[in-house]
Amino acid sequence: MNISKEIKVRLADKDEIVNKLREKSAILIGGGKETSVRYDNEQGFYEKQGKFIRLRSGLKNTISLKEKMADVEEDKILTRNGIEVEVDNIKGIKSILEKLGLKPMYTMEKYRLKWLYNKNEINLDELIFGCFLEIHGTEYEIWQILDELNLDDNDIVEGTYWDIFDEYKRYNQIYLNENDIKFPAGYAYRLAE
C-alpha cells in the first residue's frame with residue numbers, strides 16, 4: 001500500500017486559481033465529471049475500521065482501498081494508506097463487490113480539472129457545495145505549492161468531501177439523512193466554462 005498526502009482548499013474564485021496555474025505553467029491533463037461510489041456491508045464493517053472501498057468512474061476508472069492512519073498528526077494534511085488500481089470494466093467490478101456482500105453506501109459526483117504542477121497532482125473540483133483545490137504531494141511540496149499559489153491557510157478545509165458535506169449540511173441547517181453528493185439534473189458546471 002502507498003501513503004498518500006493531500007490538502008483541500010476552499011475556493012471563492014475558480015477563475016483566479018486557473019489563471020495562477022496557467023501563469024505557473026501547470027499542465028492541464030484533463031477534465032470531466034467523476035462519480036465515486038463507496039462500498040461497505042450493511043453494518044458498515046469497513047468504515048468502522050477506518051477503511052473504505054471506492055469505485056470511481058470518469059477521467060479514469062479505478063477501484064481503491066483507503067485506510068486512515070491512526071499515528072499520523074500532520075497539520076491539516078489528510079494522510080492515508082491506500083492502493084488504487086485502474087479497471088476496464090466498472091460493471092464487472094461492481095458485480096464482484098456486490099457478490100461479496102458489499103453494497104453502494106455513498107455516491108459522490110464532482111466535476112474535476114486535473115493539473116500537473118512540478119510533478120504534483122492538483123485537482124480543481126466542483127461539488128454541489130463549492131469549488132475546492134486538492135493538492136497531492138509530500139508535506140513540504142504541499143506547503144510550498146500553497147505558498148506559490150498565494151493561497152490562504154484559513155481556506156484550508158480538513159477531511160474528506162463527505163466530511164465537508166456533513167459540515168455544510170450542519171452549517172446550513174439542512175436536515176436530511178442524505179449521504180449522496182449529486183448534481184441536480186441539468187446542472188451547468190462552472191468548471192466546464
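Since we're looking at a predicted model, the values are computed, not measured.
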Open item on the list: Tell me whether Asp40 contacts the main-chain N or O of Tyr46 through its side chain, where contact means a donor paired with an acceptor under 3.5 Å.
Closed with: yes
Open item on the list: I'd like to know if Ile27 and Leu133 are part of one continuous hydrophobic network [Ile/Leu/Val/Met/Phe/Trp/Tyr, side-chain heavy atoms within less than 4.5 Å].
Closed with: no
- [ ] For the pair Lys14 and Glu126, evaluate side-chain contact (heavy atoms from CB on, under 4.5 Å) and give the outcome as yes or no after the intermediate values.
- [x] CA-CA 9 Å; Lys14 60 108 178 158; Glu126 177 181 357; over 6 Å; no
TODO: Identify whether Leu28 and Leu21 are in the same connected component of the hydrophobic contact network (ILVMFWY, side-chain heavy atoms under 4.5 Å).
DONE: yes
TODO: Keeping the roles fixed (side chain from Asp163, backbone from Thr160), state whether a donor-acceptor pair exists under 3.5 Å.
DONE: yes
Open item on the list: Are more than 12 heavy atoms, taken from residues, nucleotides or ligands other than Lys20, located less than 6.0 Å from that residue's NZ atom?
Closed with: yes
Open item on the list: Under 3.5 Å, is there a donor on one side chain and an acceptor on the other for Tyr161 and Asp125?
Closed with: yes
Open item on the list: With a 4.5 Å cut-off on side-chain heavy atoms, are Thr62 and Val87 touching?
Closed with: no
Open item on the list: Between Lys8 and Glu134, does any side-chain N to carboxylate O distance fall below 4.0 Å?
Closed with: yes
Task: Value rounded to 0.5 Å, distance of CD1 in Ile142 from NZ in Lys5 - done: 7.5 Å
Open item on the list: If I take atom NZ from residue Lys110 and atom CD1 from residue Ile128, how far apart are they, to the nearest 0.5 angstrom?
Closed with: 13.0 Å
TODO: Report yes if the side chains of Phe132 and Leu11 come closer than 4.5 Å at any heavy-atom pair, otherwise no.
DONE: no
Task: Leu65-Val85 co-clustered via ILVMFWY side chain contacts under 4.5 Å - done: yes
TODO: Side-chain contact test, heavy atoms from C-beta onward, threshold under 4.5 Å: evaluate it for Leu146 versus Asp152 and give yes or no.
DONE: no
Task: Pair Lys33 + Glu109: basic N to acidic O under 4.0 Å - done: yes
Open item on the list: Under a 4.0 Å threshold between the charged nitrogen and the carboxylate oxygen, would Glu148 count as salt-bridged to Lys24?
Closed with: no
Open item on the list: For a 4.5 angstrom cut-off between non-hydrogen side-chain atoms, does Pro104 reach Glu98?
Closed with: yes
Open item on the list: I'd like to know if the side chain of Tyr106 pairs up with that of Glu47 as donor and acceptor (distance under 3.5 Å, no hydrogens or angles considered).
Closed with: yes
Open item on the list: Under a 4.0 Å threshold between the charged nitrogen and the carboxylate oxygen, would Lys103 count as salt-bridged to Glu42?
Closed with: yes
- [ ] To the nearest 0.5 Å, tell me how far Leu149 CG sits from Glu23 CD.
- [x] 10.0 Å
Task: Contact check, side chains of Val18 and Trp115, non-hydrogen atoms, under 4.5 Å - done: yes
TODO: Decide whether Tyr111 and Glu34 meet the rule of one side-chain donor and one side-chain acceptor closer than 3.5 Å.
DONE: no
Open item on the list: So, taking the atom named CG in Leu116 and the one named OG in Ser25, what distance separates them when rounded to the nearest 0.5 Å?
Closed with: 12.0 Å
TODO: Search all heavy atoms of Arg10 against all heavy atoms of Ile164 and return the closest pair with its distance.
DONE: NH2-CG2, 4.0 Å
Open item on the list: Could you check whether any side-chain heavy atom of Ile63 comes within less than 4.5 Å of a side-chain heavy atom of Leu97, counting everything from C-beta outward?
Closed with: yes
Open item on the list: Around atom CD of Glu167, are there more than 12 heavy atoms from other residues, nucleotides or ligands closer than 6.0 Å?
Closed with: no
Open item on the list: With a 6.0 Å cut-off (strictly less than), is the heavy-atom count around CG of Asp88, excluding the residue itself, greater than 12?
Closed with: no
TODO: For the residue pair Leu78 and Ile7, establish whether any side-chain heavy-atom pair is separated by less than 4.5 Å.
DONE: no
Could you pull out every donor-acceptor pair under 3.5 Å between side chains of residues 49-57 and any protein atom, sequence neighbours left out?
from  : atom 1 : to    : atom 2 : distance (Å)
Arg54 : NH2    : Ser64 : OG     : 3.1
Arg54 : NH2    : Glu84 : OE2    : 2.9
Arg56 : NH2    : Glu84 : OE2    : 3.0

Task: Same apolar cluster: Trp143 and Val157, side chain cutoff 4.5 Å - done: yes
Open item on the list: Is there a side-chain contact between Asn120 and His136 in this structure, where contact means two heavy atoms from C-beta onward sitting under 4.5 Å apart?
Closed with: no
- [ ] Look at the side-chain heavy atoms of Ile, Leu, Val, Met, Phe, Trp and Tyr, link any pair under 4.5 Å apart, and say whether Trp162 and Phe129 land in one connected group.
- [x] yes
TODO: With sequence neighbours left out, write down each residue that passes side chain to side chain donor-acceptor pair (under 3.5 Å) with Tyr39, or none if nothing qualifies.
DONE: none
TODO: Give, for atom SG of Cys131 and atom CG of Leu113, the distance between the pair rounded to the nearest 0.5 Å.
DONE: 9.0 Å
Task: Reported CZ-to-CG distance for the pair Arg80 and Asn2, which is rounded to 0.5 angstrom - done: 15.0 Å
